[in-house]
Amino acid sequence: MSSTQTHLRTLLKCLQNIKTESQARQLHAQILKIHPRSRSDDISTIISLYTNFNLLPDSVFLFNSLRSPSVLAWKSIIRCYTKSGLFVESLTSFIQMRASGRCPDENVFPSVLKSCVFLRDLRLGESVHGCIIRLGMDFDLYTGNALMNMYSKLQSFGASREQRGCASKMFDEMAQRRQNGDFTSGFVSRNINASGSSKDLDNENFSIDQNVNLSKLGDSLSQMDVYKKIDHSSGRRNVVSNGERDERISPLDGVSKVFEMMPIKDIVSWNTVIAGNAQNGLYEEALQMVREMGNDGLRPDSYTLSSVLPVFAEYVDVIKGKEIHGYAIRHGFDADLFIGSSLIDMYANCTMVEDSCRVFSLLTQRDAISWNSVIAGCVQNGLFDEGLKFFREMLKANIKPVSISFSSVMPACAHLTTLHLGKQLHGYIIRGGFDDNVFIASSLVDMYSKCGNIEIARWIFDQMRQHDMVSWTAIIMGHALHGHARNAISLFKQMEMEGVKPNYVSFIAVFTACSHAGFTDEAWKYFKIMTQNYGIAPGLEHYAAMADLLGRAGKLEEAFEFISSMHIRPTGSIWSTLLSACRVHKNIGLAEKVAKKIFDVDPENMGAHVLMSNIYATACRWKEAEKMRTSMRKKGMIKAPACSWIEVRNKVHTFVSGDKSHPSHDRINECLKDLLEQMEQEGYVPDTSEVYRDIEEEQKKYLLFGHSERLAIAFGIISTPTGTTIRVTKNIRVCVDCHTAIKFISKIVQREIIVRDNSRFHHFKDGNCSCGDYW
């Protein structure tokens, strides 16, 4: 044998020395040069080498040249298909391997099980498990890890109890797995959907060459009929049983049993079972496994920590979360992207946004996950401007947004009512091809609804191919906030007819719709449906909506009794809903009773102090009003000023009552004076009943003249073309006089004026308001 041949034999035995794709091709060329008719073993080795570099077309070509592929060739092509995302082809090759009489070794099953995971086929995975048991390979470390991964992923996708019962029956058979010498695969005929091959359950990136010609394999789906031909040799039945189901099987029963039966466990084994428990909400079990892993002499790694940090985020246990953070720093894991993103989520969920942003700033590298984590953390904690700032910085850093990016940042536009920015994001979503995503579409529905454009929100909803609970709730709440109670209730009924089960939030939307329209009987009907038909226990939000409904309708005593009979202790905010109704209906006696209830549970409730002061002022009981204000000053309470804002030419302009600081103040003032003259000619008479100061009537009229929403509307009139819709947002309820004045203004300037206050939208047009003066 020549030195060249000797060298080639050495390389073929030590493939780890081949570092590049070019070197692999050179080795193949040398083999062909020396042996034009290469041996089957050599070709199998080259296929294995090409698989390492994911050279699918080359691997398939060589594999098809073999008359009788070896085990090495079979397992290489199976692995190559799996790595390329061609999961049906991977499983087809496995079946063909068994049909050819080749017995798979332990290196085959991790790829086969991974294909089952990506096809989301639990029963198929169970059949593979049965094959593993009968071949006696269930004690292999890597196969065991792959099995646990399969069960943790597929059983968490809502597998039925019957399916989970199949796994339990199979585990019970494991003690007899070697009693039969003959191999039985345990496969059943399955019609696998090829579209499932693109599902990315592990968030891994596959390099799939769409131009690969696999015609020689024939129709993969038809070849799945091979299943039927394999399982007759031993007379054993498939592990899937239609017998009695074990109702006590947990969602991760398969993971736990595989783990318990593994004689050797490595860090991957522990991490798989810990992550599976954490991802399925079994937090105590996950933490217990971390403790046991330490007792087993294994030290948690970055994956372990990133798995358990969400547990502390869920429990809002920042102390233990900080302990994990300290451990990560001491062991050098804090720079790890997964750890960093998990820490950002944990701190944000514990409302410690500054710490969340600090962790983000210390990351030396940032990927889309870390950016999305800090954006979501800011938005979920009410820091909407900061969330938008991080989103802009992410774009500047050339990080391409993904679907979760838009779902995270869109609520910021909704809460800030920045319609222009929301439209920009919508355009980006369309250009990026994300508009078919149901979560993003739901966010768009919510954004347009809260930015005052319910028509576009409804159009987007109607264009969606499928509707989930979130999208239904978003459009129902949208119509509710815009005063379209009939539409909201009709949509709720349509949702039920389409088989979507209403949830906790859906009923809040329905009660809100009924509240804004005064549909008392309708609300009571749905309250009973919620509790009796759907078994949903009323929460604070449901009680608050019902109390608001009764209060708006003037049924104050009924509202008082309703709140008093709640099955949970009423909070100050629920009582405040009734207190606000007492102010509107001028019931001072009940207001004092309600205020006492509020101060018993929440002595520092500033809103209740302000409301009582205003109630006393309306009744001209100035001493009691001043007493309330004095109490506020002693407690250090400072009332937030009434504030309105409007977006003009991509810039938000903010106004407070009596504001003279705006650069356009003189023009705004002149516009308001002209409008006032025309309003008075049309019959406008100022209503000073809600000016809560002991001053002359003329002074009260002057104060009304400078209310923040009027300043914002006047600025919109002088700053936009004739006919442009004016959109204004206010942080508190629109007063009665401003409501009347804006109706007059809409008729005079012939524009639609949309005002969003702290409870609903008012669409003013041609001298009328969409609320029908019921708000």
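All values below come from the heavy atoms of this structure, side chains included, with hydrogens, waters and symmetry mates left out.
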Worksheet item: Is any side-chain heavy atom of Met261 closer than 4.5 Å to a side-chain heavy atom of Asp138?
Response: no
Discussion item. Show, in sequence, the C-alpha distance, side-chain angles and deciding distance for Val500 and His467, and conclude whether the side chain to side chain contact (heavy atoms under 4.5 Å, CB included) test is met.
Written reply: CA-CA 9 Å; Val500 179; His467 301 117; 6.0 Å; no
Worksheet item: Counting heavy atoms not belonging to Tyr142, are there more than 12 under 6.0 Å from its OH?
Response: no
Worksheet item: How about Gln463: does its CD atom have over 12 heavy atoms from other parts shown lying under 6.0 Å from it?
Response: yes
Practice prompt. Could you tell me which non-hydrogen atom of Ser403 sits nearest to which non-hydrogen atom of Asn437, and how far apart they are?
Written response: CB-ND2, 3.5 Å
Worksheet entry | Plane angle bin for Phe434 and Phe406 - parallel if under 30°, tilted between 30 and 60°, otherwise perpendicular | tilted
Fill in: Pairwise distance CG(Leu66) to CD1(Ile43) - rounded to 0.5 angstrom
5.0 Å
Worksheet item: If you measure from CE on Met495 to CG on Asn503, what distance do you get to the nearest 0.5 Å?
Response: 7.5 Å
Discussion item. Looking at every non-hydrogen atom in both residues, tell me the closest pair between Ala146 and Pro110 and how far apart they are.
Written reply: CB-CA, 3.8 Å
Worksheet item: Counting heavy atoms not belonging to Arg465, are there more than 12 under 6.0 Å from its CZ?
Response: no
Discussion item. Using only atom types and a distance under 3.5 Å, with no angle test, would you say the side chain of Ser370 pairs donor to acceptor with the backbone of Arg366?
Written reply: no
Practice prompt. Mark yes or no for whether Ser152, through its side chain, and Gly276, through its backbone, hold a donor-acceptor pair below 3.5 Å.
Written response: no
Discussion item. Run the side chain to side chain contact (heavy atoms under 4.5 Å, CB included) test on His28 and Leu62 for me, step by step, so that the C-alpha distance in whole Å, both residues' side-chain angles and the decisive distance to 0.1 Å come before the verdict.
Written reply: CA-CA 11 Å; His28 187 192; Leu62 287 177; 3.7 Å; yes
Worksheet entry | Donor-acceptor contact present, side-chain Thr143 to main-chain Asp140, <3.5 Å | no
Worksheet item: Do Asn277 and Leu287 come within less than 4.5 Å of each other through their side chains, counting heavy atoms only?
Response: no
Worksheet item: Is there a side-chain contact between Asn54 and Cys80 (heavy atoms, below 4.5 Å)?
Response: yes
Worksheet item: Arg102 side chain to Pro69 main-chain N or O, any donor-acceptor pair under 3.5 Å?
Response: yes
Worksheet item: More than 12 foreign heavy atoms under 6.0 Å from CZ of Phe439: is that the case here?
Response: no
Item to complete: Could you tell me whether a side-chain N or O of Ser269 sits under 3.5 Å from a main-chain N or O of Asp266, the two making a donor and an acceptor?
Response: yes
Fill in: Minimum side-chain heavy-atom gap Arg25-Glu21 below 4.5 Å
yes
Worksheet item: Do Trp270 and Phe259 have ring centres separated by under 6.0 Å?
Response: yes
Item to complete: Return yes if some donor-acceptor pair links the side-chain N/O of Ser76 with the main-chain N/O of Leu72 below 3.5 Å, else return no.
Response: yes
Worksheet item: Which distance, rounded to the nearest 0.5 Å, do you find between the CE of Met346 and the CD of Glu314?
Response: 13.5 Å
Worksheet item: If we only count heavy atoms from C-beta on, is the Asp446 to Ser443 side-chain gap below 4.5 Å?
Response: no
Worksheet item: Atom OG of Ser306 and atom CZ of Phe333: how far apart are they, to the nearest 0.5 Å?
Response: 10.5 Å
Worksheet item: For Ile132 and Leu113, what are the C-alpha separation, side-chain angles and deciding distance, and is it a side chain to side chain contact (heavy atoms under 4.5 Å, CB included)?
Response: CA-CA 10 Å; Ile132 291 167; Leu113 289 167; 3.9 Å; yes
Practice prompt. Using modelled atom types only, decide if a donor and an acceptor are shared between the side chain of His331 and the backbone of Tyr327 within a distance under 3.5 Å.
Written response: yes
Worksheet, complete the sentence: Tightest non-hydrogen contact, residues Arg120 and Leu154, listed as CA-CD2, 3.6 Å
Item to complete: With rounding to the nearest 0.5 Å, note down the distance linking NZ in Lys257 to NE2 in His129.
Response: 10.5 Å
Worksheet item: Is Ser407 reaching over with its side chain to a backbone N or O of Ile404, donor-acceptor style, under 3.5 angstrom?
Response: no
Practice prompt. Verify whether the ring centers belonging to Phe94 and Trp74 lie closer than 6.0 Å.
Written response: no
Worksheet item: Do you know the tightest heavy-atom contact between Ser90 and Ser111?
Response: OG-O, 4.3 Å
Fill in: Minimum-distance pair of heavy atoms, taken over all atoms of Ser302 and Ile339
O-CD1, 3.0 Å
Practice prompt. Only one of Ile47, Thr51, Val112, Asp105 passes side chain to side chain contact (heavy atoms under 4.5 Å, CB included) with Lys75; say which it is.
Written response: Asp105
Worksheet item: Quick one: does Arg98's side chain get under 4.5 Å of Cys103's, heavy atoms only?
Response: yes
Discussion item. Does either side chain, that of Asn52 or that of Arg79, offer a donor lying less than 3.5 Å from an acceptor on the other one?
Written reply: yes
Fill in: Any donor-acceptor N/O pair, Thr272 side chain to Val268 backbone, under 3.5 Å
yes
Worksheet item: Do Phe390 and Phe360 make the cut of ring centroids closer than 6.0 angstrom?
Response: yes
Practice prompt. For residues Phe87 and Tyr81, determine if any side-chain heavy atom of one lies less than 4.5 Å from a side-chain heavy atom of the other.
Written response: no
Fill in: Audit row: Ile344, Leu363, side chain to side chain contact (heavy atoms under 4.5 Å, CB included) steps and yes/no
CA-CA 11 Å; Ile344 292 167; Leu363 288 175; 4.2 Å; yes
Fill in: Shortest non-hydrogen contact between Ala376 and Ser408, atoms and distance
CB-OG, 3.7 Å
Discussion item. Take a 6.0 Å sphere around CD1 of Ile430 and say whether it holds more than 12 heavy atoms from other residues, nucleotides or ligands.
Written reply: yes
Discussion item. Can you confirm whether Phe461 sits close enough to Ser471 that some side-chain heavy atom of one is under 4.5 Å from a side-chain heavy atom of the other?
Written reply: yes
Discussion item. How long is the straight-line distance from CD of Gln279 back to CD1 of Ile274, given to the nearest 0.5 Å?
Written reply: 11.5 Å
Item to complete: Measure from the side-chain N and O atoms of Asn372 to the backbone N and O of Ala368, and report whether any donor-acceptor pair falls under 3.5 Å.
Response: yes
Worksheet item: Any chance CD of Gln466 has more than 12 other-residue heavy atoms, nucleotides or ligands included, within less than 6.0 Å?
Response: no
